[in-house]
Novice: 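My questions will all concern the structure given below.
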Amino acid sequence: MDNTGPKKSCCESVRDFFSSAKFLIYMGHALSTWGDRMWNFAVAVFLVELYGNSLLLTAVYGLVVAGSVLLLGAIIGDWVDRNPRLKVAQTSLVVQNCCVILCGILLMVVFQFKEQLTELYNGWILTACYILVITIANIANLASTATSITIQRDWVVVVAGQDSSKLADMNATVRIIDQLTNILAPMLVGQIMAFGSHFIGCGFISGWNMCSMGLEYFLLWKVYQKTPALAVKAGQKEQGQELKQLSTQRELENGQSPEESSLPLMNETAAVAMADSPKHSGCCYQITEPLRTLKAGWVAYYNQSIFFAGMSLAFLYMTVLGFDCITTGYAYTQGLNGSVLSLLMGASAVSGICGTVAFTWVRKKCGLIRTGFISGTAQLSCLVLCVVSVFAPGSPFDLNVSPFQDIYTHLIGENPLPEADHSLTSILTSDSLARNTSTVAPPEELPSLQSYMSVSLLFAGVIAARVGLWSFDLTVTQLIQENVIESERGVINGVQNSMNYLLDLLHFIMVILAPNPEAFGLLVIISVSFVTIGHIMYFRFAFKSLGSRLFLCCSPEQKIEEVESPSPTMV
């Protein structure tokens, strides 16, 4: 007798997929990420344009954003843990979109009436507008951080249930969406600003967020309705279990029935709460509560079994070997124009997508922890090309030129020497032009290179390393998802974001201290060193978890347990 039940038709299967919670999460994440990528790309361009093609406002904005997440990451994560999932997701979504809309409207006003605002009160009104824009944009970024922790680190785990393979597939799909939107969204808003104006670009972004906010809100509600497990958080369940255990213990000790023992237990709990309430309701206690939350979050992060895995991921942010403003700006000074850079960025995105696909395949063949070890080895092997590029023909690397020469000349008030006339500002400004106009040619004063071998090796290593990088990132993400208890998932991911931003800040400080192209080779060597240290940390974690079995291959038929104890979220 066949108990498998009637098979679904193709149309029914397609309909079920498009109405599933998994697909709805993908749709909501795509809409949210598209809006984020457009805004993150545009706000830097807007701030440069507003301040007369200077990077001062952009630098201040980046510093405020990084510092805010660094200080408030654990507090945001604790807020995520303490409140119902739907409330957290909807609140962060509304705050984020409303801030972007408000910021866009304010920027439209500034662009339209900039000359009039400059004349009011000696320009103080315009300065107040700048401060307000940066403040509101920072609030939007903090709300985006809360949304990312809630959806990508919590909801995805609950929707996947106890299926580790399904969780890996969902993480990979979410990362592919990130990669695609990171390419397409800036291209769209860039074309709108190029053929229209910055005023039109602000209006388009504000209108997009206004329309998508309602749809994202609806998708979150549908996912919540389709996944009953989202309605219950671990803290509530653990509290009920603890009360039940205490009640059972009292019953065994005193020979009372559960009904007789429950009332004294409740009275005793209430009495203890009333006794402690005066101490906890003081003004000083309330004021210092965020500090205690911050300390507790970092202590909890340090005590996690995946501490070294998380630290290894954070160390990967201390690098100039990525497609950010630093590396692309350096490439621009070495003779690569905007068209070539755009092609390289596309190749980098394709490489990242290949890394996400490779992650799911390698994880099925070798297990999650081994996947991280393999990915890290692949990334380091590719980064060897970047180290070789420092000493290859065409490299401007010169130890005889002081890396602090630009800072020194600015401090003493003299003009920089001709060979060091490439400060961080000129590099980043050139990169800003290269990102927004594909026909910009390198400045005429740049010397012609004898060889493009150095810059070719550099970008070959960076692009190839993206496969291992994104696979490793997904590995650590899933390790955190599976090995952090549900009640601490928010605060741990908040601290992880803080660590990432801290190392990212350090890499910008490193560039500020050594901004000239002759010192870029030194930054490359330091970056590869930090990446190596990060992977050594992961190797320590992997060897502690698997021991000698780390180097054994496992097939789908022969599965080896990867952790010393079952994952708390998968039991």
Side-chain angles (χ1 to χ4, degrees), residues 31-69 92-145 147 181-182 184-214 216 324-325 425 428-429 431-437:
L31 289 172
S32 177
T33 306
W34 187 279
D36 285 347
R37 296 297 184 268
M38 287 197 305
W39 172 248
N40 291 334
F41 172 80
V43 68
V45 178
F46 293 153
L47 293 176
V48 171
E49 180 70 19
L50 286 175
Y51 210 68
N53 292 328
S54 171
L55 290 171
L56 178 61
L57 286 182
T58 306
V60 172
Y61 171 70
L63 183 63
V64 170
V65 166
S68 298
V69 178
S92 57
L93 172 67
V94 171
V95 171
Q96 176 191 359
N97 285 273
C98 288
C99 287
V100 172
I101 294 170
L102 181 60
C103 213
I105 295 174
L106 183 58
L107 285 171
M108 292 173 67
V109 173
V110 174
F111 278 121
Q112 189 70 19
F113 304 102
K114 184 178 179 181
E115 294 181 359
Q116 293 85 335
L117 292 173
T118 304
E119 298 174 356
L120 291 176
Y121 299 99
N122 296 324
W124 283 105
I125 298 297
L126 186 61
T127 302
C129 291
Y130 293 156
I131 296 174
L132 195 58
V133 166
I134 292 176
T135 303
I136 298 175
N138 183 49
I139 296 174
N141 183 75
L142 293 175
S144 177
T145 301
T147 302
T181 54
N182 198 31
L184 301 177
M187 289 176 59
L188 174 63
V189 72
Q191 294 300 317
I192 291 174
M193 290 189 294
F195 290 98
S197 64
H198 291 89
F199 181 86
I200 296 176
C202 291
F204 177 78
I205 293 175
S206 297
W208 172 274
N209 282 271
M210 189 177 298
C211 296
S212 67
M213 178 172 59
E216 291 176 48
D324 57 2
C325 54
T425 302
L428 297 183
T429 305
D431 172 59
S432 177
L433 295 174
R435 285 191 173 202
N436 292 281
T437 56

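Nothing fancy with the numbering, it's 1 onward along the sequence.
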Novice: Distance from Ser206 atom OG to Leu106 atom CG, nearest 0.5 Å?
Specialist: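 Spacing of OG (Ser206) from CG (Leu106) equals 10.0 Å.
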Novice: Under 4.5 Å between any side-chain heavy atoms of Gln96 and Trp39, yes or no?
Specialist: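 A side-chain contact is absent here, since even the closest heavy-atom pair is not under 4.5 Å.
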Novice: Tell me, please, which residues at least two apart from Leu188 pass side chain to side chain contact (heavy atoms under 4.5 Å, CB included).
Specialist: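 Partners of Leu188 under the side chain to side chain contact (heavy atoms under 4.5 Å, CB included) test: Trp34, Met38, Ile192, Phe204.
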Novice: When rounded to the nearest 0.5 angstrom, what distance separates CZ in Phe46 from SG in Cys103?
Specialist: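 With rounding to 0.5 Å, CZ (Phe46) is 9.5 Å from SG (Cys103).
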Novice: In Å and rounded to the nearest 0.5 Å, what is the SG to CE distance from Cys98 to Met210?
Specialist: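 Those atoms lie 8.5 Å apart.
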Novice: Got a second to check how far Gln112's CD is from Ser197's OG, nearest 0.5 Å?
Specialist: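 The OG atom of Ser197 is 8.5 Å from CD of Gln112, to the nearest 0.5 Å.
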Novice: Measure the CD1-CD1 distance between Ile200 and Ile205 for me, rounded to the nearest 0.5 Å.
Specialist: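 Between Ile200 CD1 and Ile205 CD1, I get 12.5 Å after rounding to 0.5 Å.
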Novice: Quick test of your reading: applying side chain to side chain donor-acceptor pair (under 3.5 Å), list the pairs with at least one residue in residues 130-144, sequence neighbours left out, ordered by first then second residue.
Specialist: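 Only Asp36-Ser144, Ser68-Asn138 qualify under side chain to side chain donor-acceptor pair (under 3.5 Å).
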Novice: Can you name the residues that form a side chain to side chain contact (heavy atoms under 4.5 Å, CB included) with Cys99, not counting sequence neighbours?
Specialist: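 Only Val95, Ile136, Ile139, Ala140 meet the side chain to side chain contact (heavy atoms under 4.5 Å, CB included) criterion with Cys99.
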Novice: For Gly201 and Met193, which heavy atoms make the closest approach, and how far apart are they?
Specialist: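 Gly201 and Met193 have their closest heavy atoms at CA-CG, 4.0 Å.
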Novice: Grab the two heavy atoms, one from Met213 and one from Asn97, that are nearest each other, plus how far apart they are.
Specialist: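 Closest pair (atom of Met213, atom of Asn97, distance): SD-CB, 3.5 Å.
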Novice: Distance from Asn209 atom CG to Ser32 atom OG, nearest 0.5 Å?
Specialist: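 If we round to the nearest 0.5 Å, Asn209:CG and Ser32:OG are 9.0 Å apart.
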